[in-house]
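What follows is one structure encoded as structure tokens, with my remarks underneath.
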Amino acid sequence: MPREIAKAYEPTQIEPRWAEFWVKQELFKADPAKPGPVFSIVIPPPNVTGSLHIGHMLDHTEIDILTRWHRMRGYNTLYLPGTDHAGISTQRVVVRQLAEQKINYRDLGREEFVRRVWQWKEESGGTIQQQMKQIGESCDWSRERFTLSPELSRVVREVFVRLYEQGYIYRENRLLNWCPVCLTVLSDLEVIHEERPGHLWLIRYPVVGTKELLTVATTRPETMLGDTAVAVHPEDERYKHLIGKKALLPLMNREIPVIGDEMVDREFGTGAVKITPAHDPNDFEVGKRHGLAEINVMTDDGHMNASAGAYKGFERFAARKKIVEDLKTQGLLEKITDHVSAIGLCERSKTVVEPRASTQWFCRMKPLAEPAIAAVEHGEILIVPENRRQEYFNWMRNIRDWTLSRQLWWGHRIPAWHCSGCKEVIVAREAPTKCTKCPSGDLQQDPDVLDTWFSSGLWPFSTLGWPEKTPDFERYYPTSLLITGYDILFFWVARMAMLGIHFTGQVPFRAVYLHSLVRTTGGEKMSKSKGTGLDPVALNEQYGTDAMRFCLASMAAPGTDIVLSDDRLLGARSFANKIWNAARFLFVNLDKYEESGAAIEALAGPAVRARAPYAYQGSVPLADRWLFARITATVEVVNDALANYRFHEAAQAVYQFFWGDFCDWYIEWVKPDLQNTDRVRADVAWKNLFAGFDAALRLLHPFMPFLTEELWHQLPQKAGAKSIALDAFPEPVAALKDAVALAEFSLIQEVIQGLRTVRSEMKLDPKKRVSAEFASADAKTRAVIEANRDGIQRLGLLTELRTLAGKLPDGGGGMRSSAEFDLRIPEVEETIDVATELARLNKEIAGLDKAVASKQKQLDNETFRSRAPQKVIREMQEALAGQKVELEKLSDRKRKLEGGTVTAS
RNA sequence: GGGCGAUUAGCUCAGCGGUUAGAGCGCUCGCCUCACACGCGAGAGGUCAAAGGUUCAAAUCCUUUAUCGCCCACCA
């Protein structure tokens, strides 16, 4: 039956079919009962209501490459998908949607609001799963998980209660970062610092009962309304005498004490600091030390409140402006200077955060961090690349307690109940009906929810059934590997390490590979909000998912960020097309061959697994030996590269092999054999071509799953074989490492390329066949050429190739020399341009001269000869000898050309 | 204020102690050669940011400098 195959690869025609096939057939369903070493990996759960962005695409490409690679190598493989409820960001989205309908979410009430979020999750959730299926990720969809599902919520509660019972979790009043837009406290990690030009305002505070004015410096004048002291350094001669006196707080006309505190830096500003315990972390501490009142002058949403006197109702920055003006009017503003300060922004809303005192839930981290530090130190968790390990240590060793509570409605509600009778706080797995301390039955559940990262921190074990000892948990935990971006090393990876070790007694993953970020050409992190993001789904449609995956992989060098460009994508698309067309060549010719009555049996023989090429008359043709040697070498490189997360190296190796070796040389070389009238000869050629191509497809499959699946099915496969994804990855075979074949074929390549160069440089008609001479002093070299004369003549467009012993006596432009051989196309020697040829010769001679001189110099150096390894010396001597021969030949020819010995037109 | 990374061909990036430094794209020249013009063949193009140092040997290791970028940090 003739095969129908389009001229160009059209991914959109093919991808949906296989995407559906993989899911429907449940090919990637893991079975803990199956034997084999385990490779398990959990997805970094994307936001449930989100859609695939370019960062996911990179994550998922790397994960899927490694997953498919392991699966093909016989591992019991699990790639577990799922999503995150993403507290803050999901709530923000729904709040915004409601606002568009002129609804204030707070008016809806908690229950109704949460209902709406679930509703929205049902509507828009599923997008990303759909996209993941579309791009063919080989995950086990039967094990999909969601952080806010009843099952995982139970785990969250269990963990929280245990931590509480173990004394890790506590409640405390502290000054924390507050986002006036998201209306919740944030952990330190959720605040991003940005240097911004601002001002330093010098404000005069009159000292009561004196004529003195105490000038303080501040970057946030609006907070002065909440000042409860002015602090100076106790040893500061300028201000010492004022300690204990009162200052009159301008605008508020409130008397506040002047205090002495070591925290004041005498060098900075004026050496006097206003103290606002309710709005500044330092001041908060000072306030505690000195028993100062905390006056909060702002509302939740960043406006001035009743404590701000006349400024009540002003938005905080408007208040700042007004206050500065008023101070100026009253003559109390001494000076304004420019000042750059690091300002805290909410990671989500990018609003300037407001330090604010409140009572929150915290988790003690130091004791949890210690075993997690040790695990990395002892190599139980391997962090790649290495420099991230140091970052991990630095952060973990200086870890601070984690603010767990958030003033949100979407998330895991804290399992704590407050007794209205005695204020007792009860933490429990199930809602208690009455207080444990007093007879009251009036218990209110804590309104706060947990930080989203709390549930993500449990992900590797909560998804596998912990705390039950399920077969999944027993078999797949610890997971083998975690792949994610380095930007969430602290948010997520570190917390998983700590919580995983604490609760399971084992590391949650044996290795962490932190990949680069995809950036814009300007070096910025891609972001949808800035409009600099790339939509991977659109790109997949434009270039093909396989091309996209290959492109990302080929650029994913560990430790460096990726800048995706159209050029690279086009290159990858071309590669896909190249593979497609190689297949097309095979199939079209196979049809012709089969029409002649031959039949290729299913690829079940030994050669198919690339263990050995088929032989013709007892011996394997050189090109076939060479092909299999190249396959084996490539497999080795790929295996080694993937084992070390060097995706770019692996991609480059398969690219070079497929395009540079298989297409450019092997296919071209065997073309005539395929049509050979000697049926046995043709048969061997076909079998080896198929075996090579089949191995190449399997090698390529982890990178380009769709294309390879499509083509694999068109090859004559063994009965019952379902998918290339379940087929075997080629193995490196020692017996195929044929150094002789590699060297001999390489000589042939050199000769053919030499002939082509001469033809091209001498502007020979591309279609014209000419005769050539090959000369070598080495009989073996000549024998190789003679044995492969047909191929050389065909690819070198020759009518005839004569082989001579020794050197070619004379030569002009039609000549090419290496240390081992001379090559000549006599016909063009008469048409050369002496000047051009001399220029070329001079250039080559200059390069060789340099090389020879540098080697000679080194070899003449006593110290080099005594200290360098023998191998280096020997190799250099050999190289030098060869280059000297070549240099001599070229110089000789140059002399002859200059001397006019060679006649030229 | 600390820490990290980058600086290599026109562009985007590999290489990170041992032959005349590589790839893709772009460029030049020649080809619609019966798988592929998303192609084929042949080329040009780099004092590896700068200056010192270590070494028999340095893009590669060390120091300093410059420029760019990232992360961490409660100097008002």
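Keep in mind the model is a prediction, meaning the values are calculated, not measured. Per chain, numbering begins at 1; letters A, B, ... match sequence-line order.
Among the nucleotides B:A35, B:A44, B:G41, the one closest to the side chain of A:N581 is B:A35. The side chain of A:K843 lies closest to B:G45 when the candidates are B:G15, B:C40, B:G45. Checked against B:C74, B:C71, B:A35, the side chain of A:R400 finds its nearest nucleotide in B:C74. Here B:A73 is the nucleotide among B:G24, B:A73, B:C38 with the atom lying nearest to any side-chain atom of A:H193. For A:Q858, whose side chain is taken as the heavy atoms from C-beta onward, the closest listed nucleotide among B:A73, B:A57, B:C75 is B:A57. Candidate nucleotides B:A42, B:C38, B:C40 were compared by shortest atom distance to the side chain of A:R573, and B:C38 ranks first. In this structure, the nucleotide among B:A76, B:G41, B:A35 sitting nearest to the side chain of A:H339 is B:A76. Listed nucleotides B:C74, B:A42, B:A14 differ in distance to A:S760; the shortest reach to its side chain belongs to B:A42. Of the listed nucleotides (B:A35, B:A76, B:A23), B:A35 has the atom at the smallest distance from the side chain of A:F585. The nucleotide whose nearest atom lies closest to any side-chain atom of A:D280 is, among B:G30, B:U19, B:A76, B:A76.
The separation between A:D567 atom CG and B:G24 atom P is 13 Å, rounded to whole Å. Between the CZ atom of A:R646 and the C1' atom of B:G15 there is a distance of 9 Å, given to the nearest Å. Taking atom OH of residue A:Y666 and atom P of nucleotide B:C36, one finds them 20 Å apart after rounding to whole Å. Separating the CD1 atom of A:I343 from the C1' atom of B:C74 is a distance of 14 Å, rounded to the nearest angstrom. With rounding to whole Å, A:E222 atom CD is found 13 Å from B:A76 atom C1'.
Shown here, B:C40 forms a base pair with B:G30; the pair counts as Watson-Crick or G-U wobble because both key distances fall under 3.5 Å. Across all strands shown, B:G45 has no partner, as no Watson-Crick or G-U wobble contact with both distances under 3.5 Å is found. In this structure B:G24 sits in a base pair with B:C11, meeting the Watson-Crick or G-U test at under 3.5 Å. Both distances falling under 3.5 Å, in either a Watson-Crick or a G-U wobble arrangement, place B:U67 opposite B:A6. The partner of B:U55 is absent, by the rule that a Watson-Crick or G-U pair needs both atom distances under 3.5 Å.
Across all strands, A:P869 comes closer than 4.0 Å to base atoms (heavy-atom distances). A:L797 comes within 4.0 angstrom of nothing in the nucleic acid, heavy atoms only. Nucleic acid contact for A:K578: base, since at least one base atom lies under 4.0 Å from a heavy atom of the residue. Residue contacts for A:D664: at a heavy-atom cut-off of 4.0 Å it reaches the sugar-phosphate backbone alone, with no base atom in range. At the heavy-atom level, A:A583 lies nowhere under 4.0 Å from the strands shown. Across all strands, A:K857 comes closer than 4.0 Å to no nucleic acid atom at all (heavy-atom distances). A:Q656 comes within contact range of no nucleotide atom at all, as no heavy-atom separation falls under 4.0 Å. Using a 4.0 Å heavy-atom distance criterion, A:R756 is classed as a sugar-phosphate-only contact. Heavy atoms of A:K7 sit under 4.0 angstrom from primed sugar atoms or phosphate atoms, though from no base atom. A:V264 comes within 4.0 angstrom of a nucleotide base, judged by non-hydrogen atoms across all strands. Contact annotation for A:K871: no contact, since no heavy-atom pair falls under 4.0 Å across all strands. Contacts of A:R389 with the nucleic acid, taken as non-hydrogen atoms under 4.0 Å apart, are absent. Heavy atoms of A:T219 sit under 4.0 angstrom from primed sugar atoms or phosphate atoms, though from no base atom. Among the protein residues, A:N861 comes within range of the sugar-phosphate backbone only, with heavy atoms under 4.0 Å from sugar or phosphate atoms but none that close to a base.
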Does the pair A:N589 and A:Q675 meet the rule for a side-chain hydrogen bond (donor to acceptor under 3.5 Å, both in side chains), with working shown?
CA-CA 9 Å; A:N589 283 283; A:Q675 312 297 336; 3.2 Å; yes
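No N or O donor and acceptor, one from the side chain of A:E649 and one from the base of B:A23, sit under 3.5 Å apart.
Taking the ring centre of A:Y392 as origin, the terminal cationic atom of A:R389 falls outside the region bounded by 6.0 Å and 45° from the ring axis.
Nearest-nucleotide positions on RNA chain B place A:M876 closer to the 5' end than the other of A:M876 and A:E10. Residue-to-nucleotide proximity on RNA chain B shows that, of A:Q652 and A:N394, the 5′-proximal contact is made by A:N394.
Between A:S854 and the phosphate of B:U19, there is no side-chain N or O to OP1/OP2 separation shorter than 4.0 Å. Contact annotation: A:K767 side-chain N/O to B:C32 OP1/OP2 distance is under 4.0 Å. Within the structure, a side-chain polar atom (N or O) of A:W659 is placed less than 4.0 Å from OP1 or OP2 of B:C40.
Taking the syn range as angles within 90° of 0, the glycosidic angle of B:A44 is outside it, so the base is anti.
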